[in-house]
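These notes concern the structure reproduced below.
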Amino acid sequence: MATRQRESSFTSCSSTSSCDADDEGVRGTCEDASLCKRFAVSIGYWRDPYIQHFVRLSKERKAPEINRGYFARVHGVSQLMKAFLRKTECHCQIINLGAGMDTTFWRLKMQASPLQPHSRTAFRGHTSDGLPTLLIAECVLVYMTPEQSANLLKWAANSFEVAMFINYEQVNMGDRFGQIMIENLRRRQCDLAGVETCKSLESQKERLLSNGWETASAVDMMELYSRLPRAEVSRIESLEFLDEMELLEQLMQHYCLCWATKGGNELGLKEITY
C-alpha cells in the first residue's frame, strides 16, 4: 500500500491506455540500453557476469562511440557508488530507482563479503532505519515531468537524514543535436517529459539544490571521459577502431552525471567527486 501511494505522488496519467503507451516506449529504451551493455561486455569493455542472464546477445554490432559511451556511464556511476561505500564503510543502503534489467545489485552482492561483513543493499524499495542511503537514477527522471521529478527528489531529501543521489541522463538538449534525439524518441512513442530540466549542467544542479539537497555537482560525459585513467582509456580504445572522434564528443556532450549529498558531514560525503 505504501509503495502504491508513493508511486501515485510521483506519476500520473490521464488514462490507462496512455500510461500503457508511455510505458511501452520507455520499456523499449530499457531493452535497447540492456542490449548495448550486453554487447559492450561481450567484447571486453567491462566485466559483468550477470548481464547474460538478463538479456540476449544481439547479432547487430553496436557502434564504437555507443560502446565507449556506455563504458563511461557504467564507470562513472560505479566510481561514485564506490566512493559512497568507502565513506560509509559499507554501513549503508542503496536504492536503485527504475532499475529495470540493471545488474548493479548482483555485482554489489558479489563484492559484499570482501567489502564488509555487515554491508547491505536495498533495491526497488527501502528500509528507512537511519542508515546512510544512496539513491541511483539512470535515465529515470527525464521520463517524468519536472514537477514529478521534483516531488521524488524532495521525498528522497526529506526521507533520509544522510543521503547521496546519483543521476545520469541527458543534458544540453536545447541545440539541434538534442532536438534530433527528442524527435527520434518521439517517433518511437517515447516522450522525454522532463527534458526541460536537461537544458544545461546548471539546470541539472539547480533542480537538486532547489529540492532539498545541500550540495550538487555535474559533469558532461565527455568531460568524464577525459578524466578516465589513461590505462583504462588505452585498453578500451584498443578494443575497436573509432574513426570519427567528433561523433563521440557530440554524443557524450549530451549526457551527464550529476550527484548530490545531504548530511553526512562527519563521513565526508561532500568531498565525494569524480
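None of the values given here were measured: they were computed from a predicted structure.
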**OP:** Please name the pair of heavy atoms, one in Ala193 and one in Pro146, separated by the smallest distance, quoted to 0.1 Å.
**Re:** O-CD, 3.6 Å
Subject >> Thr261-Thr215 side chain donor-acceptor pair, cut-off 3.5 Å >> reply: yes
**OP:** Answer yes when Arg235 and Glu232 have at least one side-chain N-carboxylate O distance shorter than 4.0 Å, and no when they do not.
**Re:** yes
Subject >> For Asp175, side-chain contact (heavy atoms from CB on, under 4.5 Å) partners two or more places apart >> reply: Phe177, His254
Subject >> Working for side-chain contact (heavy atoms from CB on, under 4.5 Å), residues Met221 and Leu251 >> reply: CA-CA 9 Å; Met221 296 309 290; Leu251 180 65; over 6 Å; no
**OP:** Could you give me the CA-CA distance, side-chain angles and deciding distance for Arg61 and Glu240, then say whether salt bridge (Lys or Arg N to Asp or Glu O under 4.0 Å) is met?
**Re:** CA-CA 11 Å; Arg61 188 174 186 86; Glu240 52 185 346; 3.3 Å; yes
**OP:** Assess whether side-chain contact (heavy atoms from CB on, under 4.5 Å) is satisfied between Glu24 and Gln189, documenting all intermediate values.
**Re:** CA-CA 8 Å; Glu24 184 177 351; Gln189 288 75 52; over 6 Å; no
Subject >> Residue pair Val162 / Leu269, side-chain heavy-atom distance below 4.5 Å >> reply: yes
Original post:
How far apart are the closest heavy atoms of Val77 and Ile166, and which atoms are they?
Top reply: O-CD1, 4.2 Å
**OP:** May I ask you to test the Leu267-Pro132 pair for a side-chain heavy-atom distance under 4.5 Å?
**Re:** yes
Subject >> Lys82 NZ to Leu80 CG distance, which is reported to the nearest 0.5 Å >> reply: 11.5 Å
Subject >> Non-hydrogen atoms of Cys36 and Ile66 that approach each other most closely >> reply: SG-CG2, 3.9 Å
**OP:** Of all the heavy-atom pairs spanning Leu135 and Ala156, show the shortest one and how long it is.
**Re:** CD2-CB, 4.0 Å
Original post:
In terms of ring plane angle, is the pair Phe71 and Tyr45 parallel, tilted or perpendicular, where the classes change at 30° and 60°?
Top reply: tilted
Original post:
Cluster question for you: counting only ILVMFWY and a side-chain heavy-atom cut-off of under 4.5 Å, with indirect links fine, are Phe165 and Leu209 together?
Top reply: no
**OP:** Say whether Tyr168 and Val171 are linked into one hydrophobic cluster, either directly or through other cluster members, by side-chain heavy-atom distances under 4.5 angstrom.
**Re:** no
Subject >> Trace of the side-chain contact (heavy atoms from CB on, under 4.5 Å) decision for Arg56 with Leu35 >> reply: CA-CA 7 Å; Arg56 59 183 167 77; Leu35 287 169; 4.1 Å; yes
**OP:** Check whether any side-chain heavy atom of Ile95 sits under 4.5 Å from a side-chain heavy atom of Phe160, and report yes or no.
**Re:** yes
**OP:** Assess the side chains of Thr29 and Tyr143: does a donor N or O sit below 3.5 Å from an acceptor N or O?
**Re:** yes
Subject >> Val55 and Glu31, any side-chain heavy atoms less than 4.5 Å apart >> reply: no
Original post:
Looking just at side-chain N and O atoms, do Gln204 and Arg207 make a donor-acceptor pair shorter than 3.5 Å?
Top reply: yes
**OP:** Consider only side-chain heavy atoms of I, L, V, M, F, W and Y, link residues closer than 4.5 Å, and tell whether Val233 and Met245 are in one cluster.
**Re:** yes
Original post:
Taking the side chain from Gln148 and the backbone from Thr145, do they hold a donor-acceptor pair closer than 3.5 Å?
Top reply: yes
Subject >> Main-chain N/O of Lys205 paired to Trp213 side chain as donor or acceptor, under 3.5 Å >> reply: no
Original post:
What residues, two or more places apart in sequence or in another chain, satisfy side-chain contact (heavy atoms from CB on, under 4.5 Å) together with Glu183?
Top reply: Arg176, Gln179, Arg187
Original post:
Shortest non-hydrogen contact from Ser42 to Phe39?
Top reply: OG-O, 2.6 Å
**OP:** Could you tell me which residues satisfy side-chain contact (heavy atoms from CB on, under 4.5 Å) with Val142, sequence neighbours excluded, listed by chain and number?
**Re:** Glu169, Gln170, Leu192, Cys198
Subject >> salt bridge (Lys or Arg N to Asp or Glu O under 4.0 Å) evaluation trace for Glu161 with Lys262 >> reply: CA-CA 7 Å; Glu161 184 177 348; Lys262 179 198 170 192; over 6 Å; no
**OP:** Can you measure from CG (Leu201) to CD (Glu206) and round to the nearest 0.5 angstrom?
**Re:** 13.5 Å
Original post:
Per the side chain to side chain donor-acceptor pair (under 3.5 Å) rule, which among Tyr274, Tyr225, Tyr70 passes with His75?
Top reply: Tyr274
Original post:
Should Gln253 and Glu249 count as side-chain neighbours, where that means a heavy-atom distance under 4.5 Å?
Top reply: yes
**OP:** Could you state whether Ile43 and Trp46 fall into the same hydrophobic cluster, counting links through intermediate Ile, Leu, Val, Met, Phe, Trp or Tyr residues with side-chain heavy atoms under 4.5 angstrom apart?
**Re:** yes
**OP:** Please check if atom CD in Glu196 has more than 12 non-hydrogen atoms from other residues, nucleotides or ligands closer than 6.0 Å.
**Re:** no
**OP:** Flag yes if more than 12 heavy atoms outside Arg230 fall under 6.0 Å of its CZ atom; otherwise flag no.
**Re:** yes
**OP:** Working to the nearest 0.5 Å, report the span between CG of Leu152 and CD of Glu147.
**Re:** 12.5 Å
Original post:
Is there a path of hydrophobic side-chain contacts, each under 4.5 Å between heavy atoms of I, L, V, M, F, W or Y residues, that connects Leu185 with Ile180?
Top reply: no
**OP:** With rounding to the nearest 0.5 Å, note down the distance linking CG in Leu57 to CD in Gln52.
**Re:** 10.0 Å
**OP:** For salt bridge (Lys or Arg N to Asp or Glu O under 4.0 Å), just list the numbers for Lys37 and Asp48, CA-CA rounded to whole Å, side-chain angles, deciding distance to a tenth of an Å, and then say yes or no.
**Re:** CA-CA 9 Å; Lys37 287 181 178 180; Asp48 185 345; over 6 Å; no
Original post:
Ion pair present between Asp32 and Arg27, side-chain N to carboxylate O less than 4.0 angstrom?
Top reply: no
**OP:** Calculate, to the nearest 0.5 Å, the distance between atoms CG and CG belonging to Leu134 and Asn96 respectively.
**Re:** 9.0 Å
Original post:
In Å and rounded to the nearest 0.5 Å, what is the CG to CD distance from Asn265 to Glu271?
Top reply: 9.5 Å
Original post:
So, for Cys92 and Leu85, which heavy atoms are closest and what is the spacing to 0.1 Å?
Top reply: SG-CD2, 3.5 Å
Original post:
Arg68 and Glu65: salt bridge (Lys or Arg N to Asp or Glu O under 4.0 Å), yes or no, with the steps?
Top reply: CA-CA 5 Å; Arg68 292 188 191 182; Glu65 63 271 13; over 6 Å; no
**OP:** List the steps, then state whether side-chain contact (heavy atoms from CB on, under 4.5 Å) holds for Asp191 with Arg186.
**Re:** CA-CA 5 Å; Asp191 185 38; Arg186 280 180 180 161; 3.4 Å; yes
**OP:** Kindly assign one of parallel, tilted or perpendicular to the pair Trp106 and Tyr50, based on the angle between their ring planes and the thresholds 30° and 60°.
**Re:** tilted
